[in-house]
Amino acid sequence: MKLRTKALWILMGDGGAKLFGLLATLLLARTFGVESYGEITYALSILGIAGLFTDMGLHTLGTRNSALQIQFSGSPEAQNGPSSLFWLRILLAISVFAIFFPIIWVKFAGQPQLRMLTLLFLISVVPQALQTEWHFRGTQRFRWYSLSRWIQSLTYLIGLLLLAQTRSVTIVPVIFSVSILFAVLFQWAGYKPLHELFRRPRIIAWKKLIRSGIYLTAGSFLFQTVILLPPILMELRFSLYELGLFGAMFKIILAAMIADRVFTTLLLPNLAVLHQQPNADIAGEIRPIVVWMLFFGLMGSIFLTFLASGLTGLLFGEQYLTGAAGLPILSLFLPVTFVNSVYLFGLISAGRDQSYLQAGVRGGLVAVVFMAAGALSGSYTVFLLSLPLAEAAITYVVYRSYRQTIPATFPIRAWRLVLVYLPIAGLGITVLDLNDAGLTANNLVVALLALLLFIAGARATGGISKEDLQWLKRRVQ
């Protein structure tokens with residue numbers, strides 16, 4: 001399979017899964033209302049944290065070991081490796097559920113529906129452990145990987161369409177677990193030879209897998225704190241109604257972040273090679289990438305700011321319109337995350353795994369402080385502001401770690417883009433109409449004019465230089 005074909009299958013799998021996931025989210029939000037959707041948002045956040053400890057980095061290790069298995073297929077380690085990893089994932093899933101169960105049971109003794117919903121979602125860690133996506137990624141069989149993601153997402157969406165009329169929110173995690181099992185069966189059908197999964201595991205190998213997985217889990221958790229922890233913190237200080245509004249607005253941001261993957265695919269493919277060349281001008285190559293990623297992120301933020309109420313009403317319905325005022329704040333995630341992805345990719349490309357982990361620890365801890373302070377304030381707006389600030393703190397720490405590897409300073413001209421963005425975004429906030437329940441032609445025209453104004457300002461101030469345009473033209477040709 002050619003590289004372009006592999007990339008296409010990966011994008012199809014991830015993009016299709018996110019699209020169906022977004023449709024499922026819209027269905028849930030509209031069917032069950034703001035408060036119940038807040039409960040679902042909280043339960044999924046708990047599941048995300050539990051999933052990290054269930055996986056323990058074994059998905060990444062399994063991908064790497066499956067790739068090595070092709071080269072060393074005759075060795076006992078290669079033959080027993082998959083079964084050791086497979087059974088360890090199952091053991092961890094059962095253990096994590098056993099630990100989380102009494103905590104959730106006691107904490108939500110006075111909220112039986114939230115308790116049942118969270119526990120039912122937690123059960124899905126077991127079918128998740130049965131998945132073998134790591135095998136297909138490691139062996140470069142991306143067609144099976146992508147199709148399994150489509151099957152899971154489609155099954156989940158169809159199940160919700162068929163059963164959502166019951167108006168029972170606790171049916172949602174049941175459908176979720178069943179959809180995972182459908183994907184598992186499809187993956188097992190393509191796993192060859194399947195019997196190697198069910199061999200007796202090498203218990204002695206578990207110690208090494210767990211030791212390696214701890215570092216990966218710590219890094220992943222701390223880098224994802226800004227995504228996983230907000231619903232947990234909100235449940236402690238805010239109402240389920242506010243949590244539901246936040247979950248809806250943040251889902252729009254996560255959907256927009258798909259563009260981050262597209263841009264990094266277009267702009268970063270040669271970066272890993274450059275880091276391996278002793279005389280390469282890596283700093284000179286990084287600067288235009290940072291400028292363009294910031295430019296695209298700010299354009300996304302402007303778009304969401306001017307169409308906040310229209311998009312919210314169109315996607316989630318009028319009952320979520322009061323949350324639209326938070327979308328311009330959360331849209332700041334886009335430029336910050338886009339820039340962060342460049343420096344993170346740089347650390348990985350340069351093989352600085354230890355620097356990557358240290359940046360995750362330091363940045364993640366600072367992010368937790370920002371978010372905790374925002375939650376303790378008791379102000380919904382202040383809490384929303386703390387989230388992009390937390391992401392900015394992670395980005396700054398990652399940037400400093402990358403500079404210790406490559407002397408690539410943040411380009412000064414990028415700040416000109418920010419200066420052009422601020423008055424335009426401020427104008428968008430002032431014209432935000434919370435009574436607008438859908439996209440209108442006037443809204444779209446105003447948003448388009450704002451984007452054109454930003455582009456013109458970026459060129460006029462030198463935020464985007466002639467050299468940047470020439471660089472981008474060379475990369476996309």
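Counting from 1, the numbers follow the sequence of the chain as shown.
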With no hydrogens and no angle check, do the side chains of [X] and [Y] hold a donor and an acceptor under 3.5 Å apart?
{"X": "Q152", "Y": "Q131", "result": "yes"}
{"X": "S301", "Y": "Y421", "result": "yes"}
{"X": "T170", "Y": "Q113", "result": "no"}

Item to check | side chain to side chain contact (heavy atoms under 4.5 Å, CB included) involving P388 - partner list, sequence neighbours excluded | outcome: I329, L332, F333
Checklist outcome for this item: Applying side chain to side chain contact (heavy atoms under 4.5 Å, CB included) to L376 and not counting sequence neighbours gives none
Next on the checklist: Which label fits F316 and Y37: parallel for a plane angle under 30°, tilted from 30 to 60°, or perpendicular past 60°?
Outcome noted: tilted
Next on the checklist: Students often mix this up, so state it plainly: with edges at 30° and 60°, are the rings of W105 and F101 parallel, tilted or perpendicular?
Outcome noted: parallel
Checklist entry - Tell me, do V125 and I94 make a side-chain contact under 4.5 Å, heavy atoms counted? => result no
Checklist entry - Atom CD1 of I49 and atom CD1 of I232: how far apart are they, to the nearest 0.5 Å? => result 4.5 Å
Checklist entry - Going from CG on L122 to CD1 on I99, what distance comes out if it is rounded to the nearest 0.5 angstrom? => result 11.5 Å
Checklist entry - Hey, is the main chain of L130 close enough, under 3.5 Å, to the side chain of W188 for a donor-acceptor pair? => result yes
Checklist entry - Can you check whether A458's main-chain N or O pairs, donor with acceptor, with R416's side chain at less than 3.5 Å? => result no
Item to check | Of all pairs that satisfy side-chain hydrogen bond (donor to acceptor under 3.5 Å, both in side chains), the ones with a partner from residues 361-388, not counting sequence neighbours | outcome: R362-S401
Which donor-acceptor pairs under 3.5 Å do the side chains of residues 174-183 make with protein atoms, sequence neighbours left out?
from	atom 1	to	atom 2	distance (Å)
S177	OG	P173	O	3.3
S179	OG	F176	O	2.6

Item to check | Output field: ring centroids Y42/F108 closer than 6.0 Å | outcome: yes
Item to check | Set of salt bridge (charged side-chain N to carboxylate O under 4.0 Å, His left out) partners for R237, sequence neighbours left out | outcome: none
Checklist outcome for this item: Here the salt bridge (charged side-chain N to carboxylate O under 4.0 Å, His left out) pairs for residues 98-121, sequence neighbours left out, are K107-E235
Item to check | Residues D468 and R413 bridged, charged N to O under 4.0 Å | outcome: yes
